[in-house]
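Residue numbers start from 1 in every chain, and the chains themselves are labelled A, B, ... in the order their sequence lines are given, proteins ahead of strands. We use all heavy atoms of the structure for the numbers below, so side chains are in, but hydrogens, waters and symmetry mates are not.
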Amino acid sequence: MAETGKITKQSEDFPAWYQDVIREGDLAEVAKIVKGCMVIKPHGYAIWEKIQADLDRRFKETGHRNAYFPLLIPMSFIKKEAEHVEGFAPEIAVVTHAGGKPLPEDEQYCIRPTSETIIGHFFAKWISSYRDLPLLINQWANVMRWELHTRMFLRTTEFLWQEGHTAHATHEDALAEVARMLDVYGDFAQEMMAMPVIRGVKTDSEKFAGALETRCIEAMMRDGRALQAGTSHDLGQNFGKAFDVKFQTEKGREEYVWQTSWGVSTRLVGALIMTHSDDSGLILPPALAPVQAVIVPIYKKEEERAQVVEAAQKLAADIRKKGICVEVDDRDGKRPGDKYYEWERKGVPVRIEIGPRDIASGEAMTKLRLSDGKEKMRMDTLAAELPGTLAGFQRFLYERAWKFREDNTVVLNTWDEFREVFGESGGSKFAWCHWDGTRETEALIKEETKVTIRCIPLEGQGPAPEDGTCIRTGRPSRQRVLMARSY
RNA sequence: CGGGGUGUAGCGCAGCCUGGUAGCGCGCCAGCUUUGGGAGCUGGAUGUCGAAGGUUCAAAUCCUUUCGCCCCGACCA
């Protein structure tokens, strides 16, 4: 880790850069006293709150309601769905003692790694008729997975997320839900995070433990690696059968429900950092920036200070009327240059400087987080123009991220090309390649190159389907899949 | 679990080889001067030197034991 106050260059050491941006942006720190856990500091948590607020609105607009289930899940529950146990058992933390006594093995709890099982249990109690369906529930919660290697926001032992859990009368309904929620995530990523994503289907070996199918959104980080930014699972009747979630159909027949689950986590904050930020620190898309604009008053003498701060407060009030979150940084004893650096590292999109000269001329200096120069703007029209400026900034970030991804996406046809692109350096690109569809080939490629199949693109999300031959084995393939090194 | 490293002020580190009053940078506090891109000067506060035991007149330093953390090789939102 670099010394405090310095940010390692992205091009020199990407992981160090990432840590530095988080520290200098005052987003979070490693808890240290609790293995693998992090403390999300106010500025970082404020970003998560903005993410939550917008997603929550989208969930409610699509008919879901929030609920909350226990943090502790009986160990016996986890074991009920065979693939689910197998997938999660190694990373589960278990409560073995309570009330000052050891718990018998059959009374032990695990701290939820995800809630399909306990929610399945309650769905069984709540659902008896087709009239109870669909049941559309979302939970905002923390979960815990005992990971070997942790990285702030991307993979920590405890993390915050939302998990949607729904039950439907038919597989068709459930599949529509899976698709709908994947689109909610995809739209959110693109509209709010200014992060282009590829929507696709996971291969069998990458899908959620216990699901029939997992759909995902995959984004490219600025080192070319892929980040899974959200998932939506078709659980089929697997959990329905394991937890006996049955309902009576209109015709009086008894059937198991079809379930889905879907989630995004605080990992999105990591995605935000690695999609937009630069060597000066964090860059936030205006739509998710807790502070969208900051006003720095500049003064020398006391009487100037009073005058300048007053003008800044008045401008701030005008800006707030436009629905923009603005802060006046009138902290005394900290010089303007110092403040500039601080707000830059915190990713604030727009900075406005007001000094005696500006008050005299009726203008203010504005600086966008991404441009080098400053621009003079009339103070009386600034508030009116700011929403447009922010919208333009948001659009610019999306387009820049899009172009970066396009520039780092390749279509590969031979294994030699593949080995060249994914060399020893550990770098990555998005590569569209043919794959023979077998788990064995996928594992072989992963072992040889650490490259994985990120997803099989949904229609329109990748190259149009075409017959070809597997990049590794030469066997026939019907469609190209997305390959990359990933987080 | 195997290999390597490290524990000294809030943070980052030096001191250890060759035992002798615990130091540096940043940060923090106070005052003055400053304030349109990371301020300067002066003064100040802060430590059971990871823990336990031993050797010694004397241990951060030498010896023994122990604990924690970090990095590299087997899982993943």
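- For A:Arg378, the salt bridge (Lys or Arg N to Asp or Glu O under 4.0 Å) test picks out A:Asp380, with sequence neighbours left out.
- Under the Watson-Crick or G-U wobble criterion, with both distances below 3.5 Å, B:rA51 is paired with B:rU65.
- Contacts of A:Phe88 classified as ring-ring contact (aromatic ring centres under 6.0 Å, His included), with partners at least two apart in sequence or in another chain: A:His84, A:Phe208.
- Distance alone, capped at 3.5 Å, places no donor-acceptor pair between the A:Ser486 side chain and the A:Ala226 backbone.
- Among the heavy atoms of the strands lying under 4.0 Å from A:Arg351 is at least one base atom, whether or not backbone atoms are also near.
- Residues A:Arg369 and A:Val348 approach most closely at CB-O, 3.4 Å, considering heavy atoms.
- Within residues 352-367 of chain A, the residues having any heavy atom closer than 4.0 Å to RNA chain B are, in order of number, A:Glu353, A:Gly355, A:Pro356, A:Arg357, A:Asp358, A:Met365, A:Lys367.
- The C1' atoms of B:rC72 and B:rC28 are separated by 38 Å, rounded to the nearest whole Å.
- In this structure B:rG27 sits in no base pair that meets the Watson-Crick or G-U test at under 3.5 Å.
- Contact annotation: A:Arg335 side-chain N/O to B:rG36 OP1/OP2 distance is under 4.0 Å.
- A perpendicular orientation is assigned to the rings of A:Phe243 and A:Phe77, their planes being inclined by more than 60° (bins at 30° and 60°).
- You'll find the side chain of A:Ile47 stays beyond 4.5 Å of the side chain of A:Lys50, heavy atoms only.
- For the P atom pair drawn from B:rG23 and B:rU46, the interatomic distance equals 13 Å after rounding to whole Å.
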